[in-house]
Protein chains: 2
Amino acid sequence: MSQQDNHQAATGPRFKRRKDQRPEEIAEAALEVFAERGFAGARVSDVAERAGVSKGLMYLYYKTKQDLLKAVIRGFIEPRVRDVATAIDRWDGSAADFLRGPFLQTISQLATSRAVIIVRLMMAEGPKHPDLTKYYYDHVITVGLGAMSRLLDRAVDQGEFRPSGIHRFPQLLLAPVVMAAVWQTVFDRHQPLEVHDFLTAHIDTVVSAMTRPVGEGNEP
Amino acid sequence: MSQQDNHQAATGPRFKRRKDQRPEEIAEAALEVFAERGFAGARVSDVAERAGVSKGLMYLYYKTKQDLLKAVIRGFIEPRVRDVATAIDRWDGSAADFLRGPFLQTISQLATSRAVIIVRLMMAEGPKHPDLTKYYYDHVITVGLGAMSRLLDRAVDQGEFRPSGIHRFPQLLLAPVVMAAVWQTVFDRHQPLEVHDFLTAHIDTVVSAMTRPVGEGNEP
DNA sequence: TGTTGATGACTGACTGGTCATTTAGTAAAT
DNA sequence: ATTTACTAAATGACCAGTCAGTCATCAACA
């Protein structure tokens, strides 16, 4: 009974059919909404609205709200970690230079980008989804930590670094990145963190600790 | 119709009136349930059941579920941080000894206790409650970081440590604790972390980086 | 070039269930 | 007998997920 009468006399079509762009657009919108509200606090209808799409359509591309979460988490970090791993394996300068240069650069960007909310999402929802955390561990954590380990091993072999606890726990290299993510999520409005300086101080510390004092043997 | 007929013929009273113990008992139960399910995933009725209390009673002691969260977050870390701060200010040995001894001991316990879930709760719910994070920042973060700063300043004054980025960012001393909390919450089932070794490696690193190389002046 | 039928991308009102919170009443304690 | 800690059942808001129907698009035919 007359519902398409007046509300769009000269307007264009009510929607466009764009099967292939939709999933990405929706995931993008989801990242933003999740960042603002967290996963539990975000309504599917919010995400739909942000994506300029009806709620029903969401379920054509993502079977459940959780599936959407998985798409978001999988899509945003994985490529970057691969890039870092590749950069490490291609690097043939000193490890210290790598840490002070490309590595610092990368983690500094990472820690000031939207990617930080992945930490929030993983903390909030990870424990409920072992398959998701397993995937993340296998495809992000091991790739990243593995590459870091290779970098450090190489540096030790070449006498640049001395062996240290960091070789057993490459997580230590990334701990301040996680810290920065947590800080920004929770305290930034009360006390902003100067992330780049913070991470620079960190790199200075670990490089200083690992660098073999000159004239202590094992040089080539 | 007839539900209190047979199930407790000779039993004692159906409940006890214990106005003063209740709040603490409920907060304790809440910590456990929040740890298992997260805040959003925990039902008020779950907490009530764990505390051995009816759902309605919860609302006599805590006006809302959020209030309960605040009680939990405020109650569990604050005392410990105070303890550390006091220990620091009373210490009169070397800073390195403090970091390798009491400090390592404390953060190691902290990182393997139920307290780690505070990080999870703050990440999930903090952004929604500026008053809560403000309180936490003022009463936990500044107290802890302030004490650490004093320790480091003293060590520099006495020529034990050289000035470094860590003095500007004492957060770096705690970053691995946060990392350990995140790791255990998310990845522990896939790859357990040996927290004590991990934190020992961290302390070794920072002490090594900050310790003034012998014979470089400024000794007393 | 214009019409038309089929396809499936898309909409939005609706449903069913879950919970936080309220409230009317019960019984422990004094 | 009165007070009030406490219970249990009711209330109502909220929201993930569904589904019956709409309409943008395009191929095939005129």
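Residue numbers begin at 1 in each chain, while the letters A, B, ... track the order of the sequences.
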Practice item. Kindly calculate the angle separating the two end axes of the helix from C:dT1-D:dA30 to C:dT30-D:dA1, each obtained from five base pairs, and round it to 10 degrees. Key: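 Answer rounded to 10°: the end axes differ by 10°.
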Whole-Å gap separating [atom2] ([N]) and [atom1] ([X]):
X       : N      : atom1 : atom2 : result
B:Arg37 : C:dT18 : CZ    : C1'   : 13 Å
B:Asp67 : C:dA20 : CG    : P     : 14 Å
B:Leu57 : C:dA28 : CG    : P     : 15 Å
A:Ile26 : C:dA9  : CD1   : P     : 12 Å
A:Arg18 : D:dC26 : CZ    : P     : 13 Å
B:Leu60 : C:dA27 : CG    : C1'   : 15 Å

Donor-acceptor contact below 3.5 Å, side chain [X] vs main chain [Y]:
X        : Y        : answer
A:Lys134 : A:His129 : no
B:His202 : B:Pro176 : no
A:Asp204 : A:Ala201 : no
B:Gln184 : B:Ala111 : yes
A:Lys63  : A:Leu68  : no
A:Tyr62  : A:Pro23  : yes

**Study point:** Under 4.0 angstrom between B:Arg22 side-chain N/O and D:dC6 OP1 or OP2
**Key:** yes
Check your understanding: Using a distance-only test with no angle check, is there a side-chain donor-acceptor pair under 3.5 angstrom linking B:Tyr61 and B:Glu24?
Key -> no
**Study point:** Residues A:Glu36, A:Arg50: salt bridge by 4.0 Å N-O rule
**Key:** yes
Review point. Which part of the nucleic acid does B:Tyr62 contact within heavy-atom distance under 4.0 Å: base, sugar-phosphate only, or nothing?
Key: nothing
Study note, to complete from the structure: Per-nucleotide protein contact along nucleotides 12-18 of chain D, 5' to 3', at a 4.0 Å heavy-atom cut-off (B base, S sugar-phosphate only, - neither), is ---SBBB
Point to revise | Within 6.0 angstrom of B:Arg74 CZ, more than 12 heavy atoms from elsewhere | key: yes
